[in-house]
**Q** 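If you scroll down you'll find the structure; I have some questions about it.
Both ligands and their constituent atoms are indexed starting at 1 by order of listing. What you are looking at is a predicted structure, and each value in this text was computed from that prediction instead of being measured.
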Amino acid sequence: MSTIDERVEEVLGKMTLEQKCALLSGKTPFGTRDFPDLGVPAMEFSDGPHGLRHQKDGANHLGIGGSDPATCFPTAVTVASSWDVELAGRMGAALGEEARSLGVGVLLGPGMCIKRSPLCGRDFEYFSEDPYLSGKMAAGFVRGVQEKGIAACPKHFAANSQETRRQASDSVLDERTLREIYLRGFEIAVREGRPKSIMSSYNLINGTYASQNRRLLQDVLRGEWGFEGATVTDWGGSVDHVSGVKAGTTFEMPAPGLDSPRELAEAVRSGRLDEHFVDARAREALHLVLESAAALEGADPEFDRDAHHDLARCVAREGVVLLKNEAPAGEGDALLPLRPGTRVALVGDFAQTPRYQGAGSSLVECTRLDTLLDVVGERGELDLLGFEPGFTHDGSDDAACRAAAVSLASGADVCVVCLGLAGGQETEGAERRDMLLPQAQVELLRAVRSCCDRVVVLLSCGCVVDTSWSGDCDALLYLGLGGQAGASAAYDVLTGSANPCGHLAETWPLSLEDTPTAGRYPSDGATAEYREGIYVGYRYYQSAHVPVAFPFGFGLSYTSFELSSARIAQWEQGRPARIEVNVRNTGDRAGATVVQAYVAKPEHEVFRAEQELKGFSRVELEKGESTTVAIDLDPRAFEYYNVGTCSWEVEGGRYELRLGLSCEDVRQTLGAELKGTGAPNPYAGRELPSYGSGYVHEVTCAEFATLLGHAAPNAIAPLGRSTCLRDLNRCRSLILLLVWLVLEGRHRQGLKPGNSPDLDVEFAYNMPLHAIAKMAPPVTMGVVDAIVREARGYGLVGFVPALAIALLAHGGFGAFAVVWLAWVLVPLLGALLVGALRNVTFARKLNLHGKAE
Ligand code: BGC
């Protein structure tokens with residue numbers, strides 16, 4: 001037993017039931033409860049994946065309100081484009097150091113949901129459409145953070161892929177898709193990174209909230225994967241903490257007041273919940289709290305801001321993806337890199353107002369911010385002719401802006417055009433409505449092109465955009481969201497002091513219509529049907545032969561690479577396989593590339609994608625240098641999840657191991673035989689034509705039901721605690737209808753062209769009633785239940801007594817109104833009062849009476 005284990009058992013032995021229950025929910029928006037008499041301090045959580053959003057005073061949710069300055073590293077989209085697990089670890093370590101300096105015990109990241117559609121507002125916070133890449137990057141990140149003694153907290157577990165109805169959407173999917181696509185990344189991160197905590201998602205998975213999902217939190221996470229840490233709900237994501245604790249939820253956040261702990265204690269005392277569940281969770285909680293406290297002891301309140309800025313720049317640089325680099329008309333050499341002395345016109349507002357992170361809970365107050373305009377000016381290698389914004393973010397007077405940009409560009413050797421998405425388009429809490437860049441930017445590019453023969457586009461956005469305009473540029477550099485040093489990184493690549501080596505972690509389709517979820521994403525109803533099944537990202541485009549703009553794994557370089565002599569170095573059933581390949585830098589400058597290993601089984605009985613990424617290795621080579629790259633494929637690389645046997649199985653036969661520089665650029669193919677595990681095909685005799693072919697764009701209800709093994713649940717849920725405020729138009733209450741009208745109006749306002757969604761409004765709009773109790777104490781679940789009764793028509797029933805009393809007492813409308821309002825309000829206020837009184841009693845028992853709660 002370690003010292004911490006002993007200490008945990010000692011404290012646990014001294015805690016009362018009330019104290020143990022109180023430990024399992026937050027006291028402040030980001031802090032746990034402290035028990036000074038027992039020597040248990042409070043522990044702080046803090047966002048977020050790419051920088052600390054630590055709010056000393058009056059912490060609030062969703063990035064609204066400032067926070068302490070911290071390094072804003074590139075967001076996950078850019079980190080993943082580096083395919084550099086070790087670099088993700090270095091970034092994690094720097095974040096761990098900053099967390100230590102701020103007294104934060106748990107860093108809420110990495111974000112590792114699978115990118116199911118380019119429209120998800122939070123795509124910038126997630127690594128990839130591929131679980132293997134996502135899991136590997138996350139594992140590296142977690143190891144880095146935890147090396148500093150700080151707990152990482154991969155999120156959001158699991159199948160959380162849309163912001164619409166974010167707190168109450170039911171992800172309906174078949175078990176194989178869940179295991180192979182949505183859980184696999186977490187499995188890798190847990191097995192290889194050993195995170196000390198994990199955050200459950202807001203949504204339901206096949207009818208059960210993630211925070212109450214025993215199968216996920218206990219059977220899979222702890223049972224199968226060996227997770228030993230604490231789980232935490234997403235902020236406001238707990239529904240019923242009694243069920244949560246039983247299912248494996250350790251902490252309920254943020255600060256639901258004393259309602260939850262009281263309910264927990266009552267459940268134990270009444271025999272509804274066995275105390276051993278509370279003990280198990282309290283043990284996990286104490287472990288994390290005490291371990292964090294020990295790690296934070298003597299922490300240096302300062303961190304090296306310059307060094308972290310440099311690291312942020314390095315991550316941003318490694319994540320830059322060169323998507324296009326052609327020779328301008330009539331010239332022999334590709335346009336990039338730009339030579340010293342090139343006369344450059346800098347166009348596009350992002351050169352002076354960079355787009356470097358997304359909005360929401362991950363928003364960081366950076367320590368400093370590079371802009372391309374400054375960097376180009378300061379370095380002096382390029383001859384900067386001038387800068388013109390070229391467009392306005394609100395669309396006002398774009399024509400004049402454009403004209404000025406055109407006039408500047410016409411006198412330049414090269415025009416560098418900075419394009420990207422506007423801030424409000426990439427945010428937690430709201431989806432994008434299309435995949436397009438703002439029209440003013442596309443027009444600007446066209447106009448610049450008409451007067452300048454050499455055009456480079458620098459594209460800043462955290463998600464996939466339509467690139468049908470790319471014919472209007474000779475070179476296209478995708479920067480992702482590069483963090484506070486992103487502009488310097490872009491400059492390094494532009495001028496060739498760094499050779500671009502990023503590869504896309506996500507497919508860039510030609511249009512939204514081509515995506516596997518087109519027309520079905522985001523789901524507006526209570527359920528989100530994952531009808532595309534396992535065919536997410538390149539798994540779909542390749543299986544269904546849908547041409548794309550830029551394939552998964554794609555990225556050009558200023559040099560070139562050759563792959564040769566691929567061989568199987570180790571091959572034994574059930575053991576990791578090793579393949580080796582020679583890689584040579586055939587160009588005239590040093591550079592790095594990513595060798596990707598895809599596994600395919602052209603002849604198969606059990607449906608499967610055309611090929612799947614199962615290994616990769618990033619390699620750096622001097623010009624002319626060659627090396628041998630070894631890639632290990634673990635046994636899981638050849639397994640599929642069998643829904644009949646409920647386990648991972650191997651289909652016997654011949655497999656292909658394809659090595660390449662993108663999923664479309666396969667350079668070497670090896671063949672190998674494997675013995676199958678003999679499990680029968682679980683789909684035999686079932687009508688699943690779309691899944692067999694991969695053409696899953698239009699899967700019918702019937703076919704989806706066949707895949708699920710049952711009909712999909714109704715997309716309209718009955719009125720209850722989980723009813724979202726956006727659905728109040730379905731209720732039978734005048735007061736709640738009024739609330740809906742106001743909210744709907746404000747929501748629609750945000751949808752108007754040129755407007756950005758108001759995060760507060762979107763949060764409330766998509767919020768289920770139960771979340772009010774969890775986010776806004778002293779509102780208790782009793783009050784929520786009273787609101788539900790009101791929604792179901794309780795208030796209308798009150799018309800009868802109100803009318804009767806008004807008539808009998810001859811009181812007219814005044815009497816009617818008073819009686820009716822009392823009818824509606826008394827139960828609400830009563831529930832509030834009863835909850836408050838019970839909580840006061842609980843507080844006494846907890847010995848917290850009189851303290852701020
Ligand atoms: C987000 C989480 C975040 C939490 C705390 C939630 O809205 O979904 O990712 O960690 O807020 O800010």
**Q** For K115 and D123, indicate whether the former's side chain and the latter's backbone hold a donor-acceptor pair under 3.5 Å.
**A** yes

**Q** Pull out every atom of ligand 1 sitting under 4.0 Å from any heavy atom of H156, numbered as shown with elements.
**A** 2 (C), 8 (O), 9 (O)

**Q** Any atom of ligand 1 sitting under 4.0 Å from a heavy atom of E125?
**A** no

**Q** Determine, using ring centers only, whether F157 and F186 are less than 6.0 Å apart.
**A** yes

**Q** Could you list which atoms of ligand 1 come closer than 4.0 Å to a heavy atom of K155?
**A** 2 (C), 3 (C), 9 (O), 10 (O)

**Q** At under 4.0 Å between heavy atoms, which part of R122 makes contact with ligand 1: side chain, backbone, both or neither?
**A** side chain

**Q** Pull out every atom of ligand 1 sitting under 4.0 Å from any heavy atom of S361, numbered as shown with elements.
**A** 1 (C), 2 (C), 3 (C), 9 (O), 11 (O), 12 (O)

**Q** With heavy-atom distances below 4.0 Å as the criterion, list the atoms of ligand 1 near L108.
**A** 10 (O)

**Q** Considering residues at least two apart in sequence or located in another chain, which fulfil the ring-ring contact (aromatic ring centres under 6.0 Å, His included) criterion with Y530?
**A** Y182

**Q** Any idea which atoms of ligand 1 are less than 4.0 Å away from a heavy-atom of R166?
**A** 7 (O), 8 (O)

**Q** Between Y202 and H156, does the ring centroid distance fall short of 6.0 Å?
**A** no

**Q** Going by the atom numbers of ligand 1, which of them fall below 4.0 Å from some non-hydrogen atom of Y202?
**A** 6 (C), 7 (O), 8 (O)

**Q** Excluding sequence neighbours, so at least two apart, what forms side-chain contact (heavy atoms from CB on, under 4.5 Å) with P69?
**A** R305, T367

**Q** Is the distance between the ring centroids of F127 and W83 under 6.0 Å?
**A** no

**Q** Do we see a donor-acceptor contact under 3.5 Å between the side chains of E252 and T233?
**A** no

**Q** Hey, does D234 come in under 3.5 Å of ligand 1, counting only N/O atoms on both sides?
**A** yes

**Q** Taking only heavy atoms of M199, which atoms of ligand 1 are found under 4.0 Å from at least one of them?
**A** 10 (O)

**Q** With the threshold set at under 4.0 angstrom, would you say F45 reaches ligand 1 through any of its heavy atoms?
**A** no

**Q** Ion pair present between E284 and K196, side-chain N to carboxylate O less than 4.0 angstrom?
**A** no

**Q** Give the atom numbers and elements of ligand 1 that come within less than 4.0 Å of a heavy atom of R53.
**A** 12 (O)

**Q** Using modelled atom types only, decide if a donor and an acceptor are shared between the side chain of E426 and the backbone of G462 within a distance under 3.5 Å.
**A** yes

**Q** Measuring from non-hydrogen atoms of M253 to any atom of ligand 1, is the shortest distance under 4.0 Å?
**A** no

